[in-house]
Amino acid sequence: MGGKTRATDSLRHPTLAIVAVAYAALAFADGGYSQELIAGATIGIWLLLAIGVVARVWPREPLPRPAVVAGGCLLALGVLSGLSMLWADDSGRAFFAVIRVGGYLGLFALVVVSSPRGGARGWLGGLAAGLTVVAAASLATRFDPSLFGGGDRGVSAVLPAAMGRLSYPIGYWNGLAACLAIDGVLLAWLGAQARTQLGRATAVALLPLVALALYLTSSRGGLGAALTGGLVLLVLERKRPALLTGTLLGGAGGALLVLLAHTRDDFLQGVATSAARTEGVEMGLATLACAVGVGLARYLLDRRLARVRLPAIPWRIAAPALIVAAAIAVAAIHPVARVHEFTTIDTARSGNAAPEKSDLISARGNGRAQFWEAALDAFGSSPVEGIGAGNYELYWNAHPEAPLWLVNAHSLYLESLAELGIAGLLCVLGFFAAAVVAAVRRVGSSPGGEVAVALAVLAAAALSAELEWTWQLPAAFAPVMIAAGLLTGAATSAPATQLPRRAYGGLARVARGAGAIAIAWLAVWTAGVALLTDLKLDSSRSAASRGDLAAAADDARDAANVQPWSAEPRLQLALVEELEGNLPVARIATLEAIQRSPTDWRPWVLLSRIDRGTGNAAASRAEFAYASTLSPLPLPSGFAVHKPPGAG
């Protein structure tokens, strides 16, 4: 036992550093949103897993049953997404949905197989460190508006609704808020459970920064996620006095910073004025002073708090108490009025208006009720197989509940139901359920609180996934995979829960290894196809922008050969041929794009434009009229064929 502990301790610091650097790199790459990055990361993760399996480095421990169940749910979700290519309107979108699931499955598997028993702290500490770097960088863009290329101003220029909302480096304020909520939960835990007195004080000292950054996002979903995760942690954490004290100190410091920021309009708006620079310096100094004061107070209280111990609240007591508290809270907010406010959409404000100072206490849904209603309608139209993975955008465009551009349903669960039917939703819920059940069984055997905080992270992220499209933002959803991998894998399991060694040897080990290699090969192949396609399309666009239309056409054809089921390469080829004046060839490529994505308005607009150029005015008018039925907003004549800015 002592040897195992020493081995785990020796691995903790390298794991912490690797996780922190990897997460920060992902976050600073626009949250990992690009298809190229997702495909590349998927290839890297699965190659690492395959090498580890072949070299017999991994798995370090026998695979617990909860990990097998959770991984099986993700695998089933990926298989179902792949099968949906057979009936989806756009097979290319469904194909990329497979790669996204494959990447998450790879990360989950990596956490499970690479973490020895007792190895959860390195992952959690690294995640906290990476998230804190993100929080500090986001605030730095307000303290000094010239940092990082102006931070949020590029987003605000394209999307007026982003004005004043802190979103750097993720690129989406609600996505950043989801990350900050998780960071707050982890720092609160470290404030009670860090190994050293200085570490506990430092974690608490950082909480005011997270609170200020969360306020600047103006995200109610992020605030709700932070409160949800914090409540779960409070119920399960054994060092509750230390947790409460640190959270209250950090919360008080954060409230003070929010009050100071509330009176500085240029700082709040994130503009590049002389007043904003002055206010940024003032807020930077105030934040530093607040962090030092809070950290010092926590440091001085440490020994006194260490002498106070309380057991975790039993579920039979905690559950009724939480239900009663929730009922009181619901009654206090006048639910009928709040539901009306949530379901009423102000399309002008939702699409273009900057946030107001009252947004954090508002019940406005900003269209979510309509997004969710469309998802339920899509499910109703095809309840068994769904409309196809990644195809919600096309359904919304043809059946909009509001005149808004939209890509995602802003709910992982309802989007899964719409796109993959009941089976898809069950896969998602089964994954979360496996992690929660494992956590409930293990929470009493985790003296360091790793199970409690991992479950709190999972709870916060699960709420964010219900309210936002964090599933499509790896920086916001990767913590879910890490938490679930720790909760279901060997990292948080007690010795008594380990499988007998003999049950893991011989034929079973060979079979599992062969299965892992097969999945890895399939994941690398699919991600490689997507990556090569995107690189060819990027190359084609670059060549077209510099006037080399022949090279642009060749690259588009290469992309079409790599991914023959996708409409995107044909659409790009049609645009290039149109630029070159080869309208008959462009028309053929456009028709091929329509064949692969018949409900996408973009190729229909392009076909209308081409037919107008060839003198076929009647066909052009009919095609444009049909394209208009596939768009949630009126399409002006000659509309550029690309995804509209600000579609979320």
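On a predicted model such as this, the values are computed, not experimentally measured, just so you know.
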Check whether R298 reaches the backbone of T202 with its side chain - one donor and one acceptor, N or O, closer than 3.5 Å. no
May I ask you to test the M481-L74 pair for a side-chain heavy-atom distance under 4.5 Å? yes
Donor-acceptor pair, T247 side chain versus L244 backbone, under 3.5 Å? no
Should F432 and Y413 count as side-chain neighbours, where that means a heavy-atom distance under 4.5 Å? yes
Over all heavy atoms of both residues, which pair between A188 and L243 is shortest? Give the atoms and the distance, please. O-CD1, 3.3 Å
Checking R442 side chain against L487 main chain: does a donor-acceptor pair fall under 3.5 Å? yes
Under the side chain to side chain contact (heavy atoms under 4.5 Å, CB included) test, residues paired with L296 that sit two or more places apart: L300
For E468, give me all partners under salt bridge (Lys or Arg N to Asp or Glu O under 4.0 Å), at least two apart in sequence or on another chain. R368
In this structure, CG of D183 is separated from OG1 of T132 (nearest 0.5 Å) by 3.5 Å
Go through the structure and list residues passing salt bridge (Lys or Arg N to Asp or Glu O under 4.0 Å) with D30, not counting sequence neighbours. none
Hey, could you give me the SG/CG distance between C179 and L131, rounded to the nearest 0.5 Å? 6.0 Å
CG of L186 to CG of L207: how many Å apart, nearest 0.5 Å? 10.5 Å
List the atom pairs, with distances to 0.1 Å, where a side-chain N or O of residues 280-292 and a protein N or O form a donor-acceptor pair under 3.5 Å, not counting sequence neighbours.
from : atom 1 : to   : atom 2 : distance (Å)
E282 : OE1    : R264 : NE     : 3.0
E282 : OE1    : R264 : NH2    : 3.3
T287 : OG1    : M283 : O      : 2.7

From the list L455, V235, V451, side chain to side chain contact (heavy atoms under 4.5 Å, CB included) with V443 holds only for V451
What are the two closest non-hydrogen atoms of T217 and A177, and how far apart are they? OG1-CB, 3.6 Å
Interatomic distance, CD1@I45 vs CG@L48, rounded to 0.5 Å, equals 8.5 Å
Approximate separation, where rounding is to 0.5 Å, of L37 CG and L26 CG: 6.5 Å
As an exercise, state the distance from CG of L463 to OG1 of T470, rounded to the nearest 0.5 Å. 9.5 Å
Less than 4.5 Å apart, any side-chain heavy atom of F371 and any of L414? no
N/O donor-acceptor pair under 3.5 Å between W469 side chain and A409 backbone: no
Do L486 and I482 come close enough that some side-chain heavy atom pair is under 4.5 Å? yes
Between Y33 and Y172, ring centroids under 6.0 Å: no
Shortest non-hydrogen pair, V69 vs A434, comes out as CG1-CB, 4.0 Å
Please test L212 against L260 for side chain to side chain contact (heavy atoms under 4.5 Å, CB included), starting from the C-alpha separation and ending with a verdict. CA-CA 10 Å; L212 176 60; L260 292 174; over 6 Å; no
So, does Q197 use its side chain to make a donor-acceptor pair with the main chain of Y299 at under 3.5 Å? yes
With heavy-atom distances below 4.5 Å as the criterion, would you say the side chains of V437 and P66 are in contact? no
Is there side-chain contact between N408 and E415, with heavy atoms separated by less than 4.5 Å? yes
Please check if the side chain of S115 supplies one atom and the backbone of V112 the other of a donor-acceptor pair under 3.5 Å. no
Looking at every non-hydrogen atom in both residues, tell me the closest pair between I182 and A476 and how far apart they are. CD1-O, 4.3 Å
Can any side-chain N or O of Y215 pair as donor or acceptor with the backbone N or O of H262 at less than 3.5 Å? no
Compare all side-chain heavy atoms of L180 with those of L176 and state whether any distance is below 4.5 angstrom. yes
Could you check whether any side-chain N or O of T245 sits under 3.5 Å from a backbone N or O of A242, counting only pairs where one atom can act as donor and the other as acceptor? no
Of all pairs that satisfy salt bridge (Lys or Arg N to Asp or Glu O under 4.0 Å), the ones with a partner from residues 450-462, not counting sequence neighbours: R121-E450
Using atom types as modelled and distance alone, determine if a side-chain donor or acceptor of W372 lies under 3.5 Å from a backbone N or O of H410. yes
Please list all pairs meeting salt bridge (Lys or Arg N to Asp or Glu O under 4.0 Å) that have one or both residues in residues 475-487, counting only residues at least two apart or in different chains. none
For a quick test of reading the model, state the closest non-hydrogen atom pair linking P64 to A490 and the distance between them. CG-N, 3.8 Å
Check the pair W471 / V480 against side chain to side chain contact (heavy atoms under 4.5 Å, CB included), numbers first and verdict last. CA-CA 10 Å; W471 171 259; V480 173; over 6 Å; no
V204 and L187: CA distance, side-chain angles, deciding distance, side chain to side chain contact (heavy atoms under 4.5 Å, CB included) verdict: CA-CA 7 Å; V204 173; L187 289 176; over 6 Å; no
Can you confirm whether V133 sits close enough to F28 that some side-chain heavy atom of one is under 4.5 Å from a side-chain heavy atom of the other? yes
What's the shortest heavy-atom distance between G253 and V294, and which atoms? CA-CG2, 4.2 Å
